[in-house]
Participant: 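Okay, here's the structure, questions in a sec.
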Amino acid sequence: MKRPSFRVSAFQDKVYRAVSKIPRGRVSTYALVARHIGCGSARAVGQALRRNPFAPRVPCHRVIASNLGIGGFNGHRTGRDIARKFSMLEEEGVRFAAGRLAERDRLYGFGETP
DNA sequence: ACATGTTCCTTAC
DNA sequence: GTAAGGAACATGT
């Protein structure tokens, strides 16, 4: 222990910073985060979140797909890991239905698009 | 189906 | 130790 693999690149720093900014009871999308950090690829954001060196510190579970889908979690797209993500969001006040966000008003636009 | 950006791994010298 | 290439990915339109 002297050198945790916390090699966070500038891009990841932006992603974590943006995601960490999402308030509780709110959710955001990969595309929205990507756009906020100036990246035209939501997939890149997913890659950064997938590494997630800052575990619960970064509310990666508050980031969902642009189609209000759940996205992924822990490297798996389907399974109990996803169920856990739903539980966390529901506990924060975010309601889901049929694997999708029930209310789109829960989306957080980083205060960019009023 | 294709496009976009980043990360990770393997191989080579 | 450093360099280069290719493959994979928690997406989006």
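Everything numeric in this text was worked out from a predicted model, so none of it was measured. So that the names make sense, note that chain A is the first sequence line, chain B the second, and so on, each numbered from 1.
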Participant: Checking A:D81 now: which residues fulfil side-chain contact (heavy atoms from CB on, under 4.5 Å) with it, not counting sequence neighbours?
Facilitator: A:F73, A:N74, A:H76
Participant: So which one's nearest nucleotide on DNA chain B is more toward 5', A:A10 or A:A42?
Facilitator: A:A42
Participant: Would you classify A:F11 as touching base, sugar-phosphate or nothing, given that sugar-phosphate means primed atoms plus P, OP1 and OP2, and contacts are heavy atoms under 4.0 Å?
Facilitator: sugar-phosphate
Participant: Under a 4.5 Å cut-off applied to non-hydrogen side-chain atoms, are A:E103 and A:V94 in contact?
Facilitator: no
Participant: Mind listing the closest non-hydrogen atom pair of A:K85 and A:V63 along with its distance?
Facilitator: NZ-O, 2.8 Å
Participant: Could you state the atom-to-atom distance from CZ of A:R35 to P of B:dG5 in whole Å?
Facilitator: 15 Å
Participant: May I ask you to evaluate whether A:S41 reaches the phosphate of C:dG12, defined as a side-chain N or O under 4.0 Å from OP1 or OP2?
Facilitator: no
Participant: Would you write out the dot-bracket form of DNA chain B, 5' to 3', with Watson-Crick and G-U pairs under 3.5 Å, [ ] for crossing pairs, | for pairs to other strands and . for unpaired bases?
Facilitator: |||.|||||||||
Participant: In terms of relative ring orientation, are A:F96 and A:F86 parallel, tilted or perpendicular, with 30° and 60° separating the classes?
Facilitator: perpendicular
Participant: With 3.5 Å as the limit, what N/O pairs link the protein to nucleotides 8-10 of chain B?
Facilitator:
from: B:dC8; atom 1: OP1; to: A:R51; atom 2: NE; distance (Å): 3.0
from: B:dC8; atom 1: OP1; to: A:R51; atom 2: NH1; distance (Å): 2.7
from: B:dC8; atom 1: OP2; to: A:R7; atom 2: NH2; distance (Å): 3.4
from: B:dC8; atom 1: OP2; to: A:R51; atom 2: NH1; distance (Å): 3.0

Participant: Heavy atoms, side chains only, cut-off 4.5 Å: are A:L101 and A:I70 in contact?
Facilitator: no
Participant: A:R62 versus A:M88: any side-chain heavy-atom pair under 4.5 Å?
Facilitator: no
Participant: Send over the distance from A:I37 CD1 to B:dT6 C1', rounded to a whole Å.
Facilitator: 10 Å
Participant: What side-chain donor-acceptor pairs closer than 3.5 Å can you find for residues 17-30 of chain A, not counting sequence neighbours?
Facilitator:
from: A:S28; atom 1: OG; to: A:Y108; atom 2: O; distance (Å): 3.3
from: A:T29; atom 1: OG1; to: A:L32; atom 2: N; distance (Å): 3.1

Participant: If I compare all heavy atoms of A:A42 with all of A:A34, which pair ends up nearest, and what's the gap?
Facilitator: CA-CB, 3.9 Å
Participant: Is the closest side-chain heavy-atom distance between A:Q47 and A:Q12 below 4.5 Å?
Facilitator: no
Participant: Of the residues in residues 58-68 of chain A, which ones touch DNA chain C at a heavy-atom distance under 4.0 Å?
Facilitator: A:C60, A:A65, A:S66, A:N67
Participant: Any heavy-atom pair between the side chains of A:V45 and A:F11 that's under 4.5 Å?
Facilitator: yes
Participant: Run the salt bridge (Lys or Arg N to Asp or Glu O under 4.0 Å) test against A:E90 and tell me which residues pass, sequence neighbours left out.
Facilitator: none
Participant: Please tell me which of the listed nucleotides, B:dG5, C:dG12, C:dA10, lies nearest to the side chain of A:L49?
Facilitator: C:dA10
